[in-house]
Structure formats: C-alpha cells, structure tokens
Amino acid sequence: MDLFSVAILLLASLIIFVIIQYNRLVRLNVQVDEAFAQIEVQLKRRADLIPNLVETVKGYAAHEREALENVVQARAASTTASTLPAIAAADGALTNALRGLLAIAEAYPDLKASSNFLQLQEELASTENKVSFSRQFYNEIVRRLNTAVKTIPTSVFVSLAKVGEREFYEVEDPSAQNAPNVKFE
Amino acid sequence: MANFRSIQTANRRKTFLLLFFMGLLVWCIAYIAVVSFGGSGAGVIPLAVGISLISVWGSYYASDKLVLKMTRAKVIEQSDHPQLFNLVNEVCIASGLPMPKVAIVEDPAPNAFATGRDPSHALVAFTTGLLNSMDRDELQGVVAHEMAHVANRDTLVSAVAATTAGVVALISDILMRMLWFGGGRNRDHGGNQMPIFLAIIPLILAPIAATMLKSAVSRKRESLADATAVSFTRNPAGLRSALEVLARDTTVVQARSSAVAHMYIESPLDASAASRLFATHPPIAERIATLRKMESNPEFNQ
C-alpha cells in the first residue's frame with residue numbers, strides 16, 4: 001500500500017470517528033427532549049384524572065375542604081408552570097397533595113367501596129408510577145448526556161455539536177423521590 | 001456492593017467470557033475434526049454450522065409467533081386486562097422501550113416469559129396463575145424482569161449460545177458416526193494425523209461442555225434480568241416478594257417443554273431432574289438473597 005492510500009484511509013477513519021462522536025451527543029440531547037416530553041404527557045394525564053377524583057371524594061367527604069382545596073390548587077399550579085424547576089416543584093407539590101387526599105380517603109369506608117373510586121384507584125396508582133418512572137428515565141438520560149459532555153472523546157465535540165449539560169428533574173420532596181411505588185390500598 | 005449497576009456489569013462480563021469459551025470450544029472441536037479426520041473432517045464443519053444456523057436462526061427470527069403456538073399463549077388487548085397493560089406501560093416508560101405485545105397463558109402455574117427478536121417485536125406473556133396469585137407490586141417486579149430480558153436482547157444472546165452449542169454437538173455427532181462406520185481409513189494417509197482413538201474423549205466431552213456453557217449463559221442472563229428489572233422499578237422488594245410466591249408454589253406449568261424452559265422467569269421443569277450445572281435458572285433462593293441485599297443497600301436507587 002502506498003503512502004497516499006494510507007493517508008486516505010486514515011482520513012476516512014478520522015471522519016467516521018468524528019461523525020460517531022457528534023451523532024452520539026446529538027442523539028442523547030434529542031433523547032433528553034423526548035424523555036422530558038414523556039414527563040409532560042404523564043403529568044397531563046394525572047392532571048386530567050384529578051377533577052374526577054375530587055368530585056368522587058366530595059360526594060363522600062365534602063367537609064374535607066382543606067385536603068380537596070390543596071389538590072385543586074396544586075393541580076392549577078402544575079398546569080401553569082413552564083420552566084423545568086417550576087414544573088418539577090409543582091409536580092412535587094401535587095404528588096404530596098394527592099397523597100394527603102388519599103390518606104384521608106382511608107377514613108371513609110363508603111368512599112373506598114364506591115365503584116367509581118375503585119376504578120380511579122388503579123388509574124391513579126398507575127399514573128403516579130408513570131409520572132415517577134418518566135422522571136427517573138429522564139434523569140437517567142440526562143446522566144448519560146452529562147457524562148458524555150464531560151468525558152473524552154465526546155467532550156471534544158461538545159462545541160461542534162452545540163450540546164451542553166442538561167438539568168436534572170429534581171422533585172423537592174425527598175419522600176417523593178424514593179417512593180416510586182405508591183400504594184392506594 | 002449489592003447495587004444493580006455493579007451486578008449488571010458483572011453479569012454482562014461473565015456472559016461475554018462464557019460466549020468466548022463457547023467460541024473457543026468450537027475451534028477446538030473443528031481442530032480435532034481437521035487433524036484426526038483430514039479432508040472429510042474439514043467438510044463436516046461448514047455442514048454443522050449451516051444446519052445449526054438455519055435451525056436456530058429460523059426460530060430466533062419468528063420467535064414471537066412460534067412461542068405463541070408452543071405455549072398456547074393468547075395475545076390480549078388493553079380492555080382484557082387493564083391493570084396488566086398499565087403495568088407493562090409503566091415499565092416501558094421506565095425503560096424507554098416500545099410497548100410489546102402482551103399475552104396470557106391459561107395455566108394455573110404462576111410463570112411468565114418474554115421473547116421476540118428485537119424490542120419492537122417483543123412479546124411478554126403471563127400465566128393466569130401468576131396474575132391471580134400476585135399483588136400489584138409483585139406483578140410489577142415480574143413485568144420488569146420480562147421487559148429486562150427484552151432490553152438486554154436475551155433472545156439474541158440465547159440464540160447465539162444455542163447456535164454455538166449446536167455446532168459443537170453436530171460436529172461431535174457426525175465425527176462419532178464417521179469413527180463408527182469406517183473412520184479408520186484415514187490412518188493410512190501419513191504421520192501428521194493424530195491417532196484416531198485420542199479424538200474419542202474430546203468428542204464425547206465437547207457437547208457436554210457446550211451444554212453446560214449454554215446453561216451458564218442462561219443463568220447469567222437471569223441474574224442480569226433481575227438487576228435490570230430493579231434498575232427500571234427501583235423496587236427490589238416487589239420482585240423479591242414475587243420470587244417468594246414462585247418459590248412457595250408447587251404447581252408445574254402444563255405446556256412445559258425443555259425447548260422453552262430457558263424463557264420462563266422460573267424454571268418450569270422439575271428442579272431435581274437437572275443438576276445445577278445444567279440448570280437454566282440460578283437457584284431461586286440465591287436470586288431472593290441478591291434482591292434482599294439490594295433492598296438493604298440504601299443507595300440502591302442512586
């Protein structure tokens with residue numbers, strides 16, 4: 001093999017190497033956006049379930065005004081939040097308000113036995129899991145992206161790919177983070 | 001060090017080593033074929049590779065459809081079992097995998113399996129016995145374990161292991177027959193051939209070793225799937241308690257067959273029939289102990 005073809009081969013493998021690193025960064029960045037969109041989808045699902053839940057609980061425990069009010073307010077706050085930290089904070093507040101309401105529901109056997117509530121229970125348990133799993137998946141992808149941004153060889157191509165570290169989705173309430181499995185029994 | 005990440009890394013490394021040894025075994029048996037049987041021995045190798053590839057990869061490619069027939073599983077819709085669909089959907093969100101086909105097997109024995117050539121052709125199936133005997137958290141653990149097999153591409157890994165073991169078994173088998181029906185003739189051809197009787201022992205041992213390695217791969221993939229399941233749900237207690245339900249249960253899967261045994265979450269075959277070296281699953285007590293260690297580690301969800 002002459003010198004020229006060696007040079008061509010080296011150049012070609014260098015170009016392929018750059019493309020792979022560049023694409024990895026861009027792909028991770030897109031995945032972070034997708035994962036965040038998934039969180040928003042699940043938060044929306046949960047917000048849509050709440051009016052039905054509030055109505056059902058009102059029917060049996062209308063005087064639990066405070067707990068009901070908390071949920072309604074937290075839901076309203078969560079639908080208007082727009083920045084990531086604000087969305088995360090509103091999400092945490094709503095998770096807590098819901099937990100409070102469901103704890104109160106425990107004291108009303110008629111409510112717990114109503115068919116409407118039983119149906120809601122599975123939907124809420126599942127939605128609560130979906131919300132926390134989508135947060136967890138988002139954070140996992142952000143962790144991968146941030147590691148790629150900081151480690152060689154991908155770190156060299158950060159400015160070329162116009163990709164940087166992204167924010168983690170952190171829910172303030174510590175109990176909301178380590179309790180992905182909410183039981184509504 | 002009971003953290004799901006370290007357990008995942010360890011099992012991936014062990015799978016790689018085992019598959020490497022299986023490859024080495026193929027080379028050894030091919031070497032013996034060429035050295036002690038000459039030209040006719042060399043001809044056996046492409047034949048064995050061909051047969052093994054066709055038989056294993058056909059079933060790999062159509063695994064989701066074939067398995068439905070073999071296990072009498074029925075694909076269901078969301079309305080047939082909303083909770084199961086919710087659970088599978090939750091784990092898909094946690095893992096970033098596409099939604100698989102979900103099937104139910106009419107069988108009182110609690111068990112579950114996953115198959116499909118890639119995540120977009122995945123199928124997860126659960127027996128009615130499993131759905132009836134577990135609570136939500138336990139079912140979530142089982143669903144996560146099955147989806148972990150999908151995420152780790154275990155249909156592919158076991159197809160690779162089965163192909164390699166098949167090649168070794170076929171070469172040994174054909175060579176043994178050649179020995180029987182007149183393998184002696186090669187002795188006249190010259191001095192650089194190994195005495196033929198020396199080839200008998202490796203020919204007997206190689207397929208046994210290949211089967212043991214294949215089973216070891218399967219066991220490592222089970223441990224890996226347990227760890228990956230925890231990485232999805234961050235709830236080792238759910239899966240641990242599900243395995244305890246399976247361990248207590250004594251009913252045996254009706255449509256059992258060793259052909260599909262490796263796919264189930266718990267071995268559907270009688271445990272005493274297979275010795276530990278040939279078992280497709282790690283002992284259930286050991287899996288429970290590992291999950292307990294993850295539970296007691298406060299940093300398991302970091």
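Naming: A, B, ... by sequence-line order, numbering from 1 per chain.
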Taking CZ in B:Arg117 as the centre, count heavy atoms belonging to other residues, nucleotides or ligands within less than 6.0 Å. Is the count above 12?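 Counting other residues, nucleotides and ligands, CZ of B:Arg117 exceeds 12 neighbours.
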Salt-bridged, B:Glu90 to A:Arg45, with N to O below 4.0 Å?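 Result for this pair is no, no salt bridge flagged.
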Nearest-0.5 Å distance, CD1 of residue B:Ile93 to OG of residue A:Ser126: 7.5 Å
Pairwise distance CD(A:Gln42) to CG(B:Asn89) - rounded to 0.5 angstrom: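 That separation rounds to 7.0 Å.
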Check whether more than 12 heavy atoms from other residues, nucleotides or ligands sit under 6.0 Å from atom CZ of A:Phe168, and answer yes or no. yes
Residue part contacting chain B, namely of A:Gln38, when any heavy atom lies under 4.5 Å: side chain
Heavy-atom count around A:Glu66 CD within 6.0 Å, excluding the residue itself: above 12? no
Going through the distances and angles, do A:Asn129 and B:Arg136 end up as a side chain to side chain contact (heavy atoms under 4.5 Å, CB included)? CA-CA 11 Å; A:Asn129 280 342; B:Arg136 200 175 200 286; 3.2 Å; yes
Taking every non-hydrogen pair under 4.5 Å, which of A:Glu140, A:Glu34, A:Gln31 racks up the most with chain B?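 Among A:Glu140, A:Glu34, A:Gln31, the one with the most close pairs to chain B is A:Glu140.
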Answer yes or no: are there more than 12 heavy-atom neighbours, outside A:Gln119 itself, under 6.0 Å from its atom CD?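 Atom CD in A:Gln119 is not packed in, count stays at 12 or less.
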Are more than 12 heavy atoms, taken from residues, nucleotides or ligands other than A:Leu11, located less than 6.0 Å from that residue's CG atom? yes
Between CD on residue A:Gln136 and OG on residue B:Ser231, distance to nearest 0.5 Å: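 Rounded to the nearest 0.5 Å, the CD-OG separation comes to 7.5 Å.
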Which heavy atom of A:Phe133 sits nearest to which heavy atom of B:Phe232, and what is that distance? CE2-O, 3.5 Å
